[in-house]
Amino acid sequence: MTNALRGADIVARSLERLGCRHVFTLSGNHIMSLFDAAIETRLDLVHVRHEAAAVHMADAWGRLTGTPGIAMVTGGPGHANAVGALFTALGAESPMVLLSGHAATWELGRGGFQEIRQADMAAPVAKASWTATSAATLGCDIGEAIRIATSGRPGPVHVSLPSDLLDERVEPDAVVWPNGRDSRNARPLAPAAADAVLAAIREAERPLILAGPHLSNREGRALLARLEGAIDAPCVILEIARGMADATLGAFADLVRHADLIVLLGKALDFTLQWAAGPAFDPAVRVIAIDPEAALLERAAKEKGERLALGCIADASEAAEMLIARAGTTKTGNGAWSREARAALDERPAAWATIKSRTASRLHPAEVFRALRPFVERDPDTVLICDGGEFAQWGQSMLPVRRRLVNGVAGAIGASLPFALSARLVEPKAPVFAVLGDGTMGFHLAEFETAVRRALPFVCVVGNDARWNAESEIQRRDYGENRMHGCELLPARYDEVVVALGGHGERVEHAANLPGAISRALASGKPACINVMIESAAAPVIRRAQ
Ligand SMILES: Cc1ncc(C[n+]2csc(CCOP(=O)(O)OP(=O)(O)O)c2C)c(N)n1
Ligand SMILES: [Mg+2]
């Protein structure tokens with residue numbers, strides 16, 4: 001039995017074999033065997049202060065690299081804490097795997113320590129969710145989880161690992177190791193289907209290609225830019241819960257009403273696009289759906305009826321490559337429409353260049369992002385993270401970047417600080433900025449300790465208006481000025497909290513002081529918080545005068 005491996009060794013070595021480096025984790029009884037097994041591998045355990053943060057970090061890793069992020073948490077309450085964060089990863093189509101410790105198989109149904117139906121709990125927020133059943137095949141569980149997470153429409157996968165299987169010893173020749181990463185099964189777009197899509201685009205006068213969050217990373221954006229060039233039709237990513245009202249997309253809402261053909265390139269037909277129906281659309285608009293999932297094509301067929309011109313099963317990126325290849329040198333689209341579309345997407349109100357706060361010792365969000373813009377533009381590898389309600393929406397629309405992480409279609413606030421730590425692990429040099437509201441700052445403030453401990457510098461810019469303003473705005477609009485309550489906060493010294501945790505912190509009350517504060521935060525080389533006192537401002541909405 002001397003060469004026998006523990007189940008925990010099989011899990012750790014399988015992760016290593018499949019190219020995983022960092023494991024975002026928080027310790028707990030059920031997974032201490034995995035912590036022990038990691039010592040014999042090159043795995044780096046990045047241990048954090050809340051299980052949801054571990055999931056958010058794996059999510060950010062998945063989004064930025066396209067390779068699976070790995071989170072590992074303990075069973076029962078650790079798993080329960082982690083599950084909520086999967087919702088964000090699911091909405092963002094992020095390839096990641098959550099491994100949760102779990103009560104021993106012999107305890108199940110007997111009131112075991114922290115026993116709960118973990119796989120059932122994670123199922124609605126995961127692409128797949130199961131409990132491992134044998135020690136010898138734990139490597140296959142890991143391989144299968146990674147394959148599912150990275151295939152088709154990427155997304156989170158959960159596997160629960162019962163503690164007795166992790167402790168069990170298996171003879172080496174009985175271990176079934178996972179296949180390499182190449183086992184990902186890509187679904188190409190058939191050439192004939194690509195030709196049919198291109199013919200429809202050629203026939204249309206105002207075609208619009210819409211992609212989902214999966215193509216929002218640097219590589220996805222570059223691919224869409226190539227597609228736009230090859231077919232001469234605008235390609236747009238819908239990646240946040242505000243959908244067509246995303247101010248990042250400029251006057252998109254005014255553009256979309258003129259489209260006569262919408263090609264969904266792996267973009268789910270959902271609320272973000274108002275199901276391509278209603279007053280925001282031309283009633284005659286036709287839709288083509290290209291999607292890796294048959295269920296989503298069926299959903300599109302049900303929604304659109306005869307307006308669905310074509311439905312094809314294919315991965316979004318594979319389909320984009322095939323469309324580029326088949327488009328060849330014959331221009332497909334309509335140059336004037338493409339130029340008009342780009343102008344609408346780039347549109348920003350001229351007033352944004354000069355808006356100033358009307359409140360003493362408070363900045364307007366536009367002043368904050370005018371100051372931040374030159375710092376963001378300095379390095380093309382800069383990572384921008386936007387989180388929270390109204391404040392960060394200004395940042396999203398005012399800061400042009402190739403690499404950014406946003407709350408996403410899930411519309412869940414709170415992930416930005418874990419995202420920033422993970423982004424720093426992905427990107428060793430270029431600045432990482434997190435811009436977020438003061439309410440949102442509270443979700444994972446303790447991760448500054450993780451950032452200091454692991455020497456992961458980034459700059460967070462908090463827009464401090466002492467309220468959950470997105471919800472205050474709803475109260476003002478729907479219930480009246482005199483019925484606004486339950487959304488106030490203190491103008492707290494988040495900067496001082498960060499200093500206490502070992503980082504750099506400053507408070508800013510005047511626009512003139514912000515550039516200096518940003519320079520000092522970057523130069524500190526520490527995780528930094530610039531606590532900017534702002535006046536509450538509703539998120540920007542860009543509409544052309546009708
Ligand atoms: C997990 C989660 N909880 C609650 C909400 C509802 N919500 C959306 S924005 C927001 C307010 C955010 O406040 P803050 O971070 O201070 O940003 P502000 O709107 O004030 O700029 C809230 C509570 C949500 N989207 N996600
Ligand atoms: Mg706020």
Side-chain angles (χ1 to χ4, degrees), residues 50-53 55-56 59 80-92 124-125 213 239-243 245-248 271-272 355 357 359 362-369 372 385-399 405-420 433-445 447 460-479 484-495 497 507-509 529-541:
H50 190 288
E51 286 84 358
V55 170
H56 290 317
D59 172 357
N81 278 349
V83 164
L86 291 176
F87 191 82
T88 302
L90 187 70
V125 281
E239 57 168 331
I240 73 165
R242 291 193 189 211
D246 178 0
T248 312
F271 73 101
T272 58
I355 307 182
S357 162
T359 320
R362 295 277 184 281
L363 283 74
H364 186 278
E367 292 181 278
V368 177
F369 297 115
L372 189 55
I385 299 159
C386 301
D387 188 12
E390 309 302 80
F391 171 70
Q393 301 288 326
W394 287 90
Q396 261 168 238
S397 51
M398 291 179 67
L399 300 173
L405 297 170
V406 294
N407 301 134
V409 172
I413 61 174
S416 49
L417 298 180
F419 278 1
F433 290 105
V435 304
L436 60 156
D438 55 325
T440 301
M441 183 70 170
F443 278 65
H444 288 293
L445 190 44
E447 294 311 332
C460 109
V461 178
V462 183
N464 192 335
D465 63 350
R467 62 179 54 247
W468 303 97
N469 191 37
E471 309 308 316
S472 282
E473 290 293 334
I474 291 174
Q475 290 180 324
R476 186 199 312 278
R477 188 190 67 212
D478 294 350
Y479 306 100
M484 292 168 64
H485 77 132
C487 295
E488 333 49 41
L489 299 165
L490 295 175
R493 294 299 303 265
Y494 302 105
D495 50 316
V497 176
R507 181 165 68 163
V508 171
E509 296 179 339
C529 166
I530 306 178
N531 187 12
V532 186
M533 307 314 291
I534 59 162
E535 65 176 9
S536 290
V541 177

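Because the structure is predicted, anything quoted here is derived from the model rather than measured. The first residue of the sequence shown is numbered 1, and numbering continues consecutively from there. No hydrogens, no waters, no symmetry mates; every other heavy atom, side chains included, goes into these values. Note that ligands are numbered from 1 as they come in the structure, with each ligand's atoms numbered from 1 the same way.
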One pair to check against side chain to side chain contact (heavy atoms under 4.5 Å, CB included): L417 and M441. What are the steps and the verdict?
CA-CA 8 Å; L417 298 180; M441 183 70 170; 4.1 Å; yes

Considering only protein heavy atoms, which is closest to atom 25 (N) of ligand 1, and at what distance to one decimal place?
G411 O, 2.7 Å

Looking only at protein heavy atoms, what sits closest to atom 21 (O) of ligand 1 is F391 N, 2.9 Å

For the Mg ion (ligand 2), which N, O or S atom of D465 is at the shortest distance?
OD1

Going through the distances and angles, do V368 and W394 end up as a side chain to side chain contact (heavy atoms under 4.5 Å, CB included)?
CA-CA 9 Å; V368 177; W394 287 90; over 6 Å; no

Please confirm whether A392 comes within less than 3.5 Å of ligand 1 when only nitrogen or oxygen atoms on both sides are compared.
no

Give the name of the N/O/S atom in D438 that lies closest to the Mg ion (ligand 2).
OD1

Among protein heavy atoms, which lies nearest atom 9 (S) of ligand 1, and at what distance?
A470 CB, 3.4 Å

Determine whether the side chain, the backbone, both or neither of E473 has a heavy atom under 4.0 Å from any heavy atom of ligand 1.
neither

Looking at E367 and S357, would you say the former's side chain and the latter's main chain have a donor-acceptor pair under 3.5 Å?
yes

Atom 3 (N) of ligand 1 has as its nearest protein heavy atom I413 CG1, 3.9 Å

What atoms in ligand 1 come closer than 4.0 Å to a heavy atom of D465?
20 (O)

Quick one: are the ring centres of F369 and F391 less than 6.0 Å apart?
yes

Using the rule given for side chain to side chain contact (heavy atoms under 4.5 Å, CB included), can you reason through V462 versus I530, listing the C-alpha separation, both sets of side-chain angles and the distance that settles it, and then say yes or no?
CA-CA 6 Å; V462 183; I530 306 178; over 6 Å; no

Where the side chain of D387 meets the backbone of G414, is there a donor-acceptor pair that is under 3.5 Å apart?
yes

Side-chain donor-acceptor pair under 3.5 Å between R467 and S472, yes or no?
yes

Which residue and atom name correspond to the protein heavy atom nearest atom 10 (C) of ligand 1, and how close is it?
E471 OE2, 3.5 Å

Please report which non-hydrogen protein atom sits nearest to atom 17 (O) of ligand 1, along with the residue it belongs to and the distance in Å to one decimal place.
G389 N, 3.3 Å

Using the salt bridge (charged side-chain N to carboxylate O under 4.0 Å, His left out) rule, take E471 and R477 through it: C-alpha gap first, then chi angles, then the decisive distance, then the call.
CA-CA 10 Å; E471 309 308 316; R477 188 190 67 212; over 6 Å; no

Evaluate V409 against I240 for side chain to side chain contact (heavy atoms under 4.5 Å, CB included), listing each step before the verdict.
CA-CA 4 Å; V409 172; I240 73 165; over 6 Å; no

Atom 15 (O) of ligand 1 - nearest protein heavy atom and its distance:
T440 OG1, 2.5 Å

Residue and atom name of the nearest protein heavy atom (relative to atom 11 (C) of ligand 1), distance in Å to one decimal
W468 CE3, 3.7 Å

Is the distance from the Mg ion (ligand 2) to the nearest N/O/S atom of R467 under 2.8 Å?
yes

Does some non-hydrogen atom of G414 fall short of 4.0 Å from ligand 1?
no

Report the relative orientation of the aromatic rings in H56 and H444; use parallel for angles under 30°, tilted for 30 to 60°, perpendicular for over 60°.
perpendicular

Got more than 12 heavy atoms from elsewhere within 6.0 Å of CZ, F271?
yes

Any nitrogen or oxygen of L489 lying under 3.5 Å from a nitrogen or oxygen in ligand 1? Just yes or no.
no

Using a 3.5 Å cut-off on N or O atoms only, is A412 in polar contact with ligand 1?
no

